[in-house]
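What follows is a short report on a single structure.
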Protein chains: 2
Amino acid sequence: MAKFTIQDVARRAGVSVATIDRVLNHRPGVRAPTVAKVEAAIRELNYQPDRIAARLARAREYRFHFILPVSTSEFMTRIHAEVEEAAQRMSAERVAITVTNVDVFDGEALAAMLDAITAEQADGVALVALDHPAVREAINALTARGVAVVTLVSDVPGSKRLHYAGIDNSSAGRTAANLMGRFLRGLSGTVGLFAGSLALRDHIERQFGFEQVVAHEYPDLAVLPVRESRDDSARGEEMAAQLLKDHPDLIGIYNVGGGTPGIVAALEKAGRAKDIVFIAHEVTDASRRALIRGTIDAIINQDPGHEVRSAVRVLMAKADNAPVIAEQERIRIDIFMRDNLP
Amino acid sequence: MAKFTIQDVARRAGVSVATIDRVLNHRPGVRAPTVAKVEAAIRELNYQPDRIAARLARAREYRFHFILPVSTSEFMTRIHAEVEEAAQRMSAERVAITVTNVDVFDGEALAAMLDAITAEQADGVALVALDHPAVREAINALTARGVAVVTLVSDVPGSKRLHYAGIDNSSAGRTAANLMGRFLRGLSGTVGLFAGSLALRDHIERQFGFEQVVAHEYPDLAVLPVRESRDDSARGEEMAAQLLKDHPDLIGIYNVGGGTPGIVAALEKAGRAKDIVFIAHEVTDASRRALIRGTIDAIINQDPGHEVRSAVRVLMAKADNAPVIAEQERIRIDIFMRDNLP
DNA sequence: CTGAAAGCGCTTACAG
DNA sequence: CTGAAAGCGCTTACAG
């Protein structure tokens, strides 16, 4: 099949290339009969515009805004680093990425920040969202103003965001439960549960997914009430030490949030590293070492590099009015054991 | 930092843009002092060429050849489908992908096919390789002729291929062993081992990785000698049924190759689906259903879509003389359990 | 509402 | 060995 250019279409439709461009990009000011003629020509030639040429001709920068929480955890630090790397890399392709930091827990502040963005300032926004009514409203308003919005890592399900670049946290929790149940085959006892904050939707969802599966499928395991570590290692260590003291029959720990190094330390200091199954989230320098040592038994992971690249790709595709490859943008729930660590 | 164009560099170096282009793309015929001047100007301006413009100007098609085994397994069928999809998608970006089928086991035929390819016909070749001396030679010769070679799914480690788009199969086998050992906690018994063919390097590597870890870390498990299913379901079913009959103490099965549906059938017919831990490779319609039913306990997977897209990206980057994002091209060893299936 | 022409930032023959 | 000019396939003001 030969490749046709916009010139070929223009000739066939008996109009100029400018008009072809107008109907191709849904620009206003073309009479209906002209539109029809052009569309017929496009169809007849099975014309596909050349994206490369279009991008060169537009010669304009894509401006994307990333709104990230002040990095508290090592995971968020990785997200920041990946955004910086993408910004660096994409600058050679005329993409300008700017980053703003915001307090994770302040929905009103996040909403205000979104409200201040106009279509003149940015073509797209990616944000680590907070599931809060004001944020949902702000996302919808921003979308209505013509700015593409992608949620990153943490979603706002009811909103009109274009895309969510992150994992299904409920499935992640269920996956953790199945690993826990399998690794504790034949044993009965109690399982400790840690979360960073019960105000974060992703943590809650993991917790619920985990509890649900354990309750239904592993009746020999009793899950203790969740403890809030505030994603802090020192606090995590204290709480884990206390947990070990209070529950001699403890055989498993699942941490849906941060502070994993503290829990690792508590397990190792108590000499219980090997006999307690510990499942944590996110590969970091510390967690990977603990996994290799055997203190952590499995890590559930989402790939921050993939998430950030995916957010950028989706925003670019939207700006170019081009399709995305859905399969490529699905963020995996990775399970890492010692031998398949990246 | 302002964006400079090739014009800016030309002005600065006091030469024409044609000369800048020559040194930028390492074309011959520029005197050393001129090269030096141009390089200085590039450095001083921190000039980064615009890939988009370059691709448009080249106005030439990229031609990539994919050499795939006649699809015997469902996995290979997926690889074929993904290549077709990529061909379709990339045709809008001036990339012409052609596919040739070849017999997997015939190293000489594969080598002959590679030998017939010239730099005039193709910019790059991706092949599911066979670890055979003739193939290695052919890959090296092809590379020397200026054609970029990427191995896909199955590698030829000693060769000069540009890149391998696939997983580390030895790690995959070790990962399977650890899952098996963990899932069989507290039990002792025998574990059956199936491979498609012992002539395939990936199968052997998985097998060795598995045996090694079980021997070292799970002394209560005895791995039986490997059986060759030839990736055939009917044969797999027969062999699994025989295995169940011969070994009443069988508690686990690891299948490194194809033919999984046959093994699933044997387990279910024998009523042993639930009490035998079965670990298989590759998510397919059949294996995913068996995983959900609980007959399969975990699937080790490599993502064919990712592998094919990665091969294409690496070949394109080479043709454009552009960098790749290493992290993005690493193929994961996926572990799937019921809840994190894609 | 429509078109002619310049331009996006490179690469490619063709001269010299 | 080096340069002037045309061209890649679109988009963008500017006229009319």
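As the structure is a computational prediction, the values presented were derived from the model and not from experiment. Proteins come first, then strands; the chains are lettered A, B, ... in the order of their sequence lines, and each starts at number 1.
- As a whole-Å value, the separation of B/Asp50 CG from D/dC8 P is 18 Å.
- A/Arg78 has a carboxylate O that lies under 4.0 Å from a charged side-chain N of B/Glu327, or vice versa, which qualifies the two as a salt bridge.
- At a threshold of 4.0 angstrom between heavy atoms, the contacts of B/Arg55 with the nucleic acid are absent.
- For B/Arg31, counting side-chain heavy atoms from C-beta on, the closest listed nucleotide (D/dC1, D/dA4, D/dG9) is D/dC1.
- A/Arg94 contributes no side-chain N or O that, together with a main-chain N or O of B/Asp50, makes up a donor-acceptor pair within less than 3.5 Å.
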Apply side chain to side chain contact (heavy atoms under 4.5 Å, CB included) to the pair B/Ile167 and B/Asp334, showing each step before the final yes or no. CA-CA 10 Å; B/Ile167 61 170; B/Asp334 298 321; over 6 Å; no
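- Among all heavy-atom pairs drawn from A/Asp123 and A/Phe64, the shortest one is CB-CE2, 3.9 Å.
- Residue B/Ala18 is in base contact, counting any heavy-atom pair closer than 4.0 Å across all strands shown.
- Between B/Tyr47 and C/dC10 there is a side-chain polar atom (N or O) within less than 4.0 angstrom of OP1 or OP2.
- OP1 or OP2 of C/dT2 sits under 4.0 Å from a side-chain N or O of A/Thr34.
- Checking C/dA5, C/dG9, C/dC1 against the side-chain heavy atoms of A/Val17 singles out C/dA5 as nearest.
- Here the P atom of nucleotide D/dC10 and the CZ atom of A/Arg27 are 13 Å apart, to the nearest Å.
- Rounding to whole angstrom units, CZ of residue A/Arg22 and P of D/dC10 are separated by 16 Å.
- When each of B/Val15 and B/Ala57 is assigned the nucleotide of DNA chain D bearing its nearest heavy atom, the one mapping closer to the 5' terminus is B/Val15.
- Distances shorter than 4.0 Å separate some side-chain N or O of A/Thr19 from OP1 or OP2 on C/dG3.
- For A/Arg63 against A/Ala119, the heavy-atom pair with the smallest separation is NH2-O, 4.0 Å.
- Residue B/Gln48 contributes atom CD, which lies 14 Å from atom P of C/dG9 at whole-angstrom precision.
- Base pairing of C/dG16: its partner is D/dC1, meeting the Watson-Crick or G-U wobble criterion (both donor-acceptor distances under 3.5 Å).
- Across the protein-nucleic acid pair, B/Asp320 atom CG and C/dG9 atom P stand 18 Å apart, rounded to whole Å.
- Distance, B/Leu56 CG to C/dC8 P: 13 Å, rounded to whole Å.
- Rounding to whole angstrom units, CD1 of residue A/Ile6 and P of C/dA4 are separated by 14 Å.
- Here the P atom of nucleotide D/dC10 and the CZ atom of A/Phe4 are 12 Å apart, to the nearest Å.
- Which of C/dG9, D/dC8, C/dA4 sits closest to the side chain of A/Ser16 comes down to C/dA4.
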